[in-house]
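Residue numbers count from 1 along this sequence. Whatever order the structure lists them in is the order used to number ligands and atoms, beginning at 1. Because only heavy atoms are used, hydrogens play no part in the values below, and waters and symmetry mates are left out as well, while side chains stay in.
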Amino acid sequence: MTIFEKIIAKEIPAKLAYEDDEVIAIHDINPQAPVHVLVIPKRVIPRIGQAQATDAPLLGRLLLTASKIAADLGLADSGYRVVINHGRNGGETVPHLHVHVLGGRRMSWPPG
Ligand code: 5GP
């Protein structure tokens with residue numbers, strides 16, 4: 001069980017930003033920006049590269065939820081970044097697909 005499954009099961013506490021039947025969003029424990037939220041599907045997909053065509057509705061829901069949370073947290077005008085890390089070079093550390101929403105500061109490009 002990954003840390004995110006334990007958070008979804010409420011076995012480990014997290015600061016909730018949003019929850020519905022398919023998705024949970026929590027504030028990152030180690031924020032990289034003033035706002036740093038993780039949007040996580042309750043059904044485990046290990047990483048984006050393992051998503052299947054049948055996962056398309058859930059993937060769409062993750063992105064729409066990321067956009068809604070960004071707006072709810074006041075980031076729509078100032079802007080924000082949406083990130084998915086896949087594998088070692090991508091910086092993935094938790095093998096349960098999640099979308100990072102980062103905002104509240106100016107992001108640099110290219111990313112580090
Ligand atoms: P990844 O590196 O896999 O893209 O992102 C994993 C994220 O999960 C990291 O930003 C890390 O700080 C966050 N994280 C890891 N463990 C916990 C936890 O127990 N609670 C919360 N809220 N975030 C966590």
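- Of the heavy atoms in Leu38, only side-chain atoms (C-beta onward) come closer than 4.0 Å to ligand 1.
- Here the shortest heavy-atom distance to atom 23 (N) of ligand 1, taken over Ile29, Ile3, Leu102, belongs to Ile29.
- The shortest N or O to N or O distance between Gly91 and ligand 1 is below 3.5 Å.
- Under the 4.0 angstrom criterion for non-hydrogen atoms, Ile7 is in contact with ligand 1.
- The ligand atoms of ligand 1 that sit less than 4.0 angstrom from a heavy atom of His100 are 1 (P), 4 (O), 5 (O), 10 (O).
- Under a hydrophobic clustering in which Ile, Leu, Val, Met, Phe, Trp and Tyr are joined whenever their side-chain heavy atoms come within less than 4.5 Å, directly or via other members, Leu38 and Ile3 fall into the same cluster.
- The minimum heavy-atom distance between Arg47 and Pro95, with the atom names listed, is NH2-CB, 3.4 Å.
- On a distance-only criterion, His36 and ligand 1 share no N/O pair closer than 3.5 Å.
- Summarising the contacts of atom 9 (C) of ligand 1 with Leu16, Ile26, Asp28, Asn30, the nearest heavy atom is found in Asp28.
- Under the 4.0 angstrom criterion for non-hydrogen atoms, Lys15 is not in contact with ligand 1.
- Under the ring-ring contact (aromatic ring centres under 6.0 Å, His included) criterion, His36 pairs with His100, not counting sequence neighbours.
- Considering every non-hydrogen atom in both Val37 and Ala17, the closest pair reads CG1-CB, 4.1 Å.
- Ligand-side atoms of ligand 1 in range of Phe4: 8 (O), range being under 4.0 angstrom from any heavy atom.
- For atom 3 (O) of ligand 1, the nearest non-hydrogen atom of the protein is Thr93 N, 2.7 Å.
- Remark: Arg61 engages Asp20, Asp21, Glu22 in a side-chain hydrogen bond (donor to acceptor under 3.5 Å, both in side chains) (not counting sequence neighbours).
- The shortest heavy-atom distance from Gln32 to ligand 1 is not under 4.0 Å.
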